[in-house]
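What follows is a set of notes on a single structure, which appears directly below.
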Protein chains: 4
Amino acid sequence: MPRKPNTAQRRSQIVDALRQVMAVSGYAGATIQAIAAKSGLAPGLIHYHFHDKHEILVELVETLVAYARLRYERRAAEATTAAERLRAYIDARLAFGDDAQPDAVAAWVMIGVEAVRDADVRAIYQRAVASELALVRGLLKACLRAAGKRVRALDALAAGLLAYTEGAFVLASNARALVPRGFAATLAAEWIERYIAGETDLPRSKPRSARRPRERRA
Amino acid sequence: MPRKPNTAQRRSQIVDALRQVMAVSGYAGATIQAIAAKSGLAPGLIHYHFHDKHEILVELVETLVAYARLRYERRAAEATTAAERLRAYIDARLAFGDDAQPDAVAAWVMIGVEAVRDADVRAIYQRAVASELALVRGLLKACLRAAGKRVRALDALAAGLLAYTEGAFVLASNARALVPRGFAATLAAEWIERYIAGETDLPRSKPRSARRPRERRA
Amino acid sequence: MPRKPNTAQRRSQIVDALRQVMAVSGYAGATIQAIAAKSGLAPGLIHYHFHDKHEILVELVETLVAYARLRYERRAAEATTAAERLRAYIDARLAFGDDAQPDAVAAWVMIGVEAVRDADVRAIYQRAVASELALVRGLLKACLRAAGKRVRALDALAAGLLAYTEGAFVLASNARALVPRGFAATLAAEWIERYIAGETDLPRSKPRSARRPRERRA
Amino acid sequence: MPRKPNTAQRRSQIVDALRQVMAVSGYAGATIQAIAAKSGLAPGLIHYHFHDKHEILVELVETLVAYARLRYERRAAEATTAAERLRAYIDARLAFGDDAQPDAVAAWVMIGVEAVRDADVRAIYQRAVASELALVRGLLKACLRAAGKRVRALDALAAGLLAYTEGAFVLASNARALVPRGFAATLAAEWIERYIAGETDLPRSKPRSARRPRERRA
DNA sequence: CATGAATGAGGATTCATTCAT
DNA sequence: CATGAATGAATCCTCATTCAT
């Protein structure tokens, strides 16, 4: 009577534990002992399901990236205009909701630092950044067009929103008490809105009505 | 024949080495051996000048905070209007210049993470954030007034600029190749400008002349 | 519905796997996992059929000893003179043939080393050496008599042939490329032949016809 | 008052300890703890003077190779004929003397096995074997010429002598009680002598006097 | 002050062995 | 019998810190 493999559950159990421990202690502080204790498993078992600590980290990074994407997509599915989709993105990243993993933000900050040292993590991290930039760029472009504005400096704008997001994570991790609660999403939305308002109008006579038909679901 | 004490020089030598090593390896990777090698000193000497590794970190954090302030003050000294002073701040934080310490940004990111784990570092970090928030708040308030705008949501705005700055550091450390070179300062200035432009005008009839006398050096 | 016991088959399957793994990785490197992988069995099953790893080693040693004997006996069965029987022994040990287990030589070398550490292995190893020495001694004695030579220094001669054999195994494991291919058997035969030729003649007038009747199968 | 480095002494101390421990326990059994205990040093100190265990092994192999060479050269310095030089070699390798390191033989056997697994060790081992083969080849060639014999099968002969030597080490490690004490050197010398005697004479009329002038020191 | 060796606690990893299924 | 998960002791290695010189 062969035993049923439970590796998938165990792996996610361990990855979850790493996320929680890392959020508090960083990667270096996330000892196998600590991960084992948090997950309620024996230390040796960690290495049965993962070759080494690094492999857990890589899986955590992938998990967080996938989950962030999922959060956006769930919200974007309900959006119909470019502005709503951008707002969905901002909320997915910066607003708290029922689907928030409290540790995920802190863990992501730690991962950003670990990316400096670890080539594998850096690769995933940069892939995530690149994909995020492309997504934001598209969202912004659609908003600008919908607003009848010229499309300029998209790359910088996307980078800026990403920087803002990452920085908001850092402050949330380190200085939560010092910043207004929940400021990030609201301010980001206003920032973008006013930035777009400040852009040059397209020469079109009826920009809004003309552009609206172009809107599509992402 | 008593030697001339060289403690101060040695300490800054060691702190410099920690900054450089941390920028690449993080705090956990900044071993005493690595610091010794980078500073050209013997390992034992590190502990002669600092009680422990943690103390070097604390001094590094203080050094970086002080240096960041210095950079701002040097630039602000040449500014005459509120807008110039804000721009001086943005440039001090986000633009590259002759006084840039390339490692400082990366080291600061690492410190932000270390603050999560280390109470002493967290205290300095939060003090630095608080002081930064107060500074930015004042700069923004002056700008809003100078622009004849109502002063609202200052805390959120200051927090947003700080978040943006911290996040720009993170991207500079981890994803430099993916973002437009030097985007951060320019975009920040435009963002603030347009944000202020979008704020409600004050009911005052002559806002500019009326408010100018209130401008002071920070 | 009782299954047919397959213990014997499983055990030899496992012993075979140990032989193959040991030939490459030594005993310390022959982990249960590796043996399991090589034999295509589950790790847990290894310990069902053997109490512990050591027991597998002991059975491997016995298997190799028995197989080496078998190889000799198959060849000796066709020999009619003392010289032929000695040659059969040399070929069984040192020449390659259809019945060669390529790993067996390497595994035997590993076992020789393990014998230093492990009393059980040492016991079997020494029993094997003793039995080998006795066999070789007998073969050499017969050859000397058949050649009409005085029988002297038999123990040393047997030990020398054994040393040569063991050493040839070592070189075959570690330095195959550096020695002439297949040198060992030929040279051993010549060595013994000339050594015997160099021994003092017996005073007997008709040594060969006189001694032949004494020849027997070993 | 800077401290005087003692790394050289410590390293040889540690290498000595490894040799002694390996002679009994093999490389896998030579734990850092065991080496530390044997050398009287703290475990951590082992890693201060050597990067890892493997590095100690490499240095041990080099040390043994160098020492074996030294033993031969000391003896060869007193030899004047080819036969004496060959005998010097055989004695250096196979006879016990005042300069014998009892553990060295056993350690060398262990190393031969470790060479199978470890590429670095294998490289040194094979270099040692190659150098040994070249040396023996030269010695044998000189002997054959001095004896007025045709020079044939030198490579096989050298390989055979080396195999014999290695095998004698194995038996000395594992089955000392079963073989005649000190048989190896004497038998090797006789073996070579009779082998050479059995070779075909050169067609020269006065082989011995003609060839002697060619003898040189090695 | 300076040097570099020394210590030992702590962490990742391996692996024989056990055990639930 | 068979499977593969689980355990925990053992091992290598790192590194902050101490200390003799």
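OP1 or OP2 of F:dT14 has not a single side-chain nitrogen or oxygen of B:T31 nearer than 4.0 Å. The side chain of A:T7 contributes an N or O atom lying less than 4.0 Å from OP1 or OP2 of F:dA5. Phosphate proximity of E:dA6 to D:R10: present, with a side-chain N or O under 4.0 Å from OP1 or OP2. OP1 or OP2 of F:dA2 has at least one side-chain nitrogen or oxygen of C:H49 nearer than 4.0 Å.
Sequence order on DNA chain F of the closest nucleotides to A:G40 and D:Y27 puts A:G40 first from the 5' end. Mapping C:D52 and A:K53 onto DNA chain E via the closest heavy atom, the residue that lands nearer the 5' end is A:K53. Comparing D:A42 and C:H51, the nucleotide of DNA chain E nearest to each residue sits closer to the 5' end for D:A42.
In this structure, E:dA12 and F:dT11 make a Watson-Crick or G-U wobble pair, each of the two defining distances being under 3.5 angstrom. Base pairing analysis places F:dT21 opposite E:dA2; the two distances defining the Watson-Crick or G-U wobble pair are each below 3.5 Å.
Atom NZ in A:K4 sits roughly 17 Å away from atom C1' in F:dA2 (whole-Å rounding). E:dG4 atom C1' lies 13 Å from atom CD1 of B:I46, rounded to whole Å. Atom CD in D:E55 sits about 14 Å away from atom C1' in F:dC12, given to the nearest Å. A straight line from CD1 of A:I14 to C1' of F:dA5 spans 11 Å, rounded to a whole angstrom. Taking atom CZ of B:R11 as the reference point, atom P of E:dC1 lies 12 Å away to the nearest angstrom. Between the P atom of E:dC15 and the CZ atom of A:F50 lies a distance of 20 Å, rounded to the nearest Å. Distance CD (D:Q33) to P (F:dA9): 16 Å, rounded to an integer number of Å. Rounded to whole Å, atom C1' of E:dC1 lies 12 Å from atom CD of B:Q9.
Donor-acceptor pairing under 3.5 Å is lacking for the side chains of C:D52 and C:H47.
For the side-chain contact (heavy atoms from CB on, under 4.5 Å) with D:L60, the lone residue among D:V15, D:V121, D:I14 that qualifies is D:V15.
Closest approach to the A:L45 side chain among F:dT7, F:dT17, E:dA12 is made by F:dT7 (side chain taken as heavy atoms from C-beta onward). For B:N6, taking side-chain heavy atoms from C-beta onward, the closest of the listed nucleotides E:dC1, E:dA5, F:dA5 is E:dC1. Here the side chain of A:H47 is nearest to one of E:dG4, E:dT14, E:dT7, namely E:dT14. For A:P5, counting side-chain heavy atoms from C-beta on, the closest listed nucleotide (F:dC1, E:dC1, F:dG4) is F:dG4. Nearest to the side chain of A:Y48, among F:dC13, F:dG4, E:dA2, sits F:dG4.
If you check every strand for non-hydrogen atoms under 4.0 Å, C:I32 touches a base.
Considering every non-hydrogen atom in both D:I46 and D:A36, the closest pair reads CD1-CA, 4.0 Å.
B:Y125 has its ring centre less than 6.0 Å from the ring centre of B:W108.
Classification of B:E55 and B:R11 as a salt-bridged pair holds, one side-chain N sitting under 4.0 Å from a carboxylate O.
The number of heavy-atom neighbours closer than 6.0 Å to CD of C:E62, taken from other residues, nucleotides and ligands shown, is above 12.
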